[in-house]
Amino acid sequence: MSDFTPNEMMTIAAARALRNDDVCFVGIGAPSAACNVARLTHAPGITLIYESGTIGTAPEVLPLSIGDGELCETALCTVSVPEMFRYWLMGGRISIGFLGAAQLDRFGNINTTVIGDYAHPKVRLPGGGGAPEIATSCGEIFITLKQAKRAMVDKIDFFTSFGHGEGGDHRQRLGITTKGPTLLITDLALWRPDPESKEFTVTSLHRGVTREMVQDNCGWPVRFAAELEETPAPTELELGTLRDLQARTEAAHQGGRRG
Amino acid sequence: MSDFTPNEMMTIAAARALRNDDVCFVGIGAPSAACNVARLTHAPGITLIYESGTIGTAPEVLPLSIGDGELCETALCTVSVPEMFRYWLMGGRISIGFLGAAQLDRFGNINTTVIGDYAHPKVRLPGGGGAPEIATSCGEIFITLKQAKRAMVDKIDFFTSFGHGEGGDHRQRLGITTKGPTLLITDLALWRPDPESKEFTVTSLHRGVTREMVQDNCGWPVRFAAELEETPAPTELELGTLRDLQARTEAAHQGGRRG
Amino acid sequence: MAEFLALSDAVARHLKAGDTVAFEGFTHLIPHAAAHEAIRQGIGELTLLRMTPDIIYDQMIGMGLARTVIFSYAGNPGVGLLRRMRDAIENAYPRAIETIEHSHSAMAQAYEAGASGLPLAVFRGYKGADLPRVNPAIKSITCPFTGEALAAIPAHRPDVTFIHAQKASEKGDVLIEGIIGVQKEAALAARRVVVTVEEVVPSFKGLHPNLTILPHWTIDAIAVVPGGAHPSYTHGYYARDNAAYLDWDRISADREAFSSWMQSNVLDVGPEVFAARVESLR
Amino acid sequence: MAEFLALSDAVARHLKAGDTVAFEGFTHLIPHAAAHEAIRQGIGELTLLRMTPDIIYDQMIGMGLARTVIFSYAGNPGVGLLRRMRDAIENAYPRAIETIEHSHSAMAQAYEAGASGLPLAVFRGYKGADLPRVNPAIKSITCPFTGEALAAIPAHRPDVTFIHAQKASEKGDVLIEGIIGVQKEAALAARRVVVTVEEVVPSFKGLHPNLTILPHWTIDAIAVVPGGAHPSYTHGYYARDNAAYLDWDRISADREAFSSWMQSNVLDVGPEVFAARVESLR
């Protein structure tokens, strides 16, 4: 495909990272689109779980909230929210957890709580929701983020969820046994943690993206892998699937409008 | 009614002690019969709960086990066993818990675990099941027991469940906030704890029963209330209801026999 | 014992100024009508408890009725921020509020602990996160078997919980289905429980044995309010009004727009308007 | 991922000598066929975990396959004592067994803790009772908010859990309904899960959204064994064989009668006999 947006590339790259036997804890927005594109293309057997309690959902349209009726109607089953967090998330049954970020640092630590001081914030953000335990209970964490200097910062204002902390073996030192962030998918590139330092390192640039563009939209000095790949452009199937999904979604969300 | 057995009197006396708005944690045997007689006579609104998770059951026949299909089929709803113990029993939602006993002392402490030493028992009994927490979580405890010297003993071999301990305010001293045993219904008499000492005291003799008969079938020196009543004999309705229930039950339990 | 009441009577009788109250609902079955009634009655100084304070808490905070909010995610679900709540936190407008913040996992388990009569919830959580630094209610205990430090938080025990449900039986038993959220736990953890329902049916006979039901003796009052979850939805009755959630972002962004919307859509009307609001969503 | 296997293969592949194993079922859905297969294969030195060890554990203990039993109520439900288990405890026949005893509440919550990935369960229990005196696995923790001492016990994490269920879908998802007991928790707490089912259906499409389902990726093996819960029952399929429970009291009272019964009813037959045993109970 010749024509695609950076957001489309981000979503499709995230979809590709998912395997047929993954069990994903899905968030709203890019993760939801990515997980469903994966399900509708190469990973029909993937299990999608939304924290509202729906297990094994297969929505026709993307939900606006994590608890839309569509999720329940297409799910294998729907459990209570306490059960979701106890047996399914903290029970260690999720292979991939998706997180977004208002602020992200180079070690995959995430802030979605406040900009500024906690007690007197400049901006009060929604907060962590499930993120503190998603970050430590899922087998691996994938982060999706539209790159911007104010989002990718040297020091985040608040540790809403823990990534690799100060890097290295910081997770193990806290007794956390899961892998943490293993992939960062932005609208410009794919990033993976350095095996030793755990600092996010660009391993693949999306088509048409330069190193400078990545650095210009990141608040820390970017490390690039020795062998830098180009992310394959979306295939017709991938892009068609994503756009169809979004068109169906838009049509559905227009509905139900009253005067 | 002129003709009834001591066991029938015991069951009917237990049934009478139940109120229309009680929520009862029912055991098998005499309690199950008593609770259902209450439901079929003066307490149609009573809620019967069996620890298998069935809430608000109305069985046509008495279950042989606490998890018979009949209980589920006639219940308002059926929850998991962990939920039963967490939200319903320990959550403090049961007004009356019934307990039976292999050994009972004068303070309502119960043994259903071992006769003899725990490590090398003379008789290994089934154990407590739900009793340890039933005894402390229900609003009040009713105990049903066929009197016998070896059952009503000076000192029980094992505290399967706690009644009034050494008597007095022993429950409060352990931080237990529920009333504990408030009624002992035997085949010979009704017993209630003394307000101060908490020792079980005979307050009513069943028809035809003498003080001597009660003492001859009890392993501790029996205290009798100053004003001793006679338990009213079963009415025709009560006795008919109980006998019908037992006849239906017997017929049902004969069924399902294969070669 | 469940008593069938008009919503205004149910709220007046069971919600008092200064109460800790949960209006629970996880995207589905959010008790909007009950919250609007509380706003109309001007019951204030509330401690608002909820995993996902969304539009209704934004409205109660914007009306100055909240003293404290205990929560884990304060967003307009699928849309963005809660602008009235932000205004209260960032600018103390219309008044300052205290916030006590947890994770979803913690909140869900604090309700469960409350329903179980326990004083605390214990779980593996908050590792490496900053919330324990700013929320003194997050403590830790050491597992006597493994030595692991686990998070401990106080159980939730609201004075009153409001939920919306599909059906009540004539006896007052309540059925919840679909995305059941944390409503059963929130109800069982509370001292008093008020439920709005879509309809009353003779009984639940013939329904599946394992459905989520609150027996009538766990409930204090039931009010029949068709459409009472709008713009949230009621599985089997009407769909979510996504457009209304998008609208809220605009309305709540401006103090004046907010006040005038609240006047005409909440203060000047009664619970009967909800039925009409969901007509096109059925 | 659920693999459909013959019961003999499922047991041979997933149960090893020395394992901690739960054959769970709370009166309903007791996995008799699976336990009989384990007995036929002579897999021994087992730690048997179950709230209510009834006939099947009496049989396994009587056959000398158990080293330890962890339990909360050891009775023949509605009938009386477990005579083979008594013989082992009182007379070390056919061998001595270790017992680790809890209350129902404790056992249920230990499974729940295991399913939740926790090392322990914390609850208000055992107050004034003697079990903490004889079971060193019962400890206590102090609530950091109220100062109350609460009971703490280790989570259950069986090597393998066997359960019986109504249906599997062709994908291997498993449906449990009626009295659901502690089976979901016992399965999710285990390292490996084997399920016997009455039948396989194309899918669960159209079923109620809130039913108790174990997704195929939580299960290791499924074996189709119609009647596999007999003399326990399967809600919707066949009734409990109360007479067989009464019979067991007589059979198990005598060592010789026991051995000969086991020979002809377990060792000399295969799982296919269960279908015939429930024919008159359907």
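The model shown is predicted, which means the values in this text are computed figures rather than measured ones. Only heavy atoms go into these numbers, but all of them, side chains included; no hydrogens, no water, no symmetry mates. Chain letters run A, B, ... following the sequence lines, proteins first, then strands; residues in each count from 1.
- A pairwise comparison of heavy atoms in C:L118 and D:R124 identifies CD2-N, 3.6 Å as the closest pair.
- To the nearest 0.5 Å, atom OG1 of residue D:T146 and atom CG of residue C:L120 are 7.5 Å apart.
- Scanning residues 148-172 of chain D against chain C with a 4.5 Å non-hydrogen threshold yields D:E148, D:L150, D:A152, D:I153, D:P154, sorted by number.
- C:V122 approaches D:V122 most closely through the heavy-atom pair CG2-CG2, 4.2 Å.
- Comparing D:S140, D:S116, D:A121, D:G117 by how many heavy-atom pairs each has under 4.5 Å with chain C, the most go to D:G117.
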Inset, instruction - Kindly indicate, with the supporting measurements, whether the criterion side chain to side chain contact (heavy atoms under 4.5 Å, CB included) is fulfilled by C:I180 and D:N210. - result: CA-CA 8 Å; C:I180 54 178; D:N210 301 123; 3.9 Å; yes

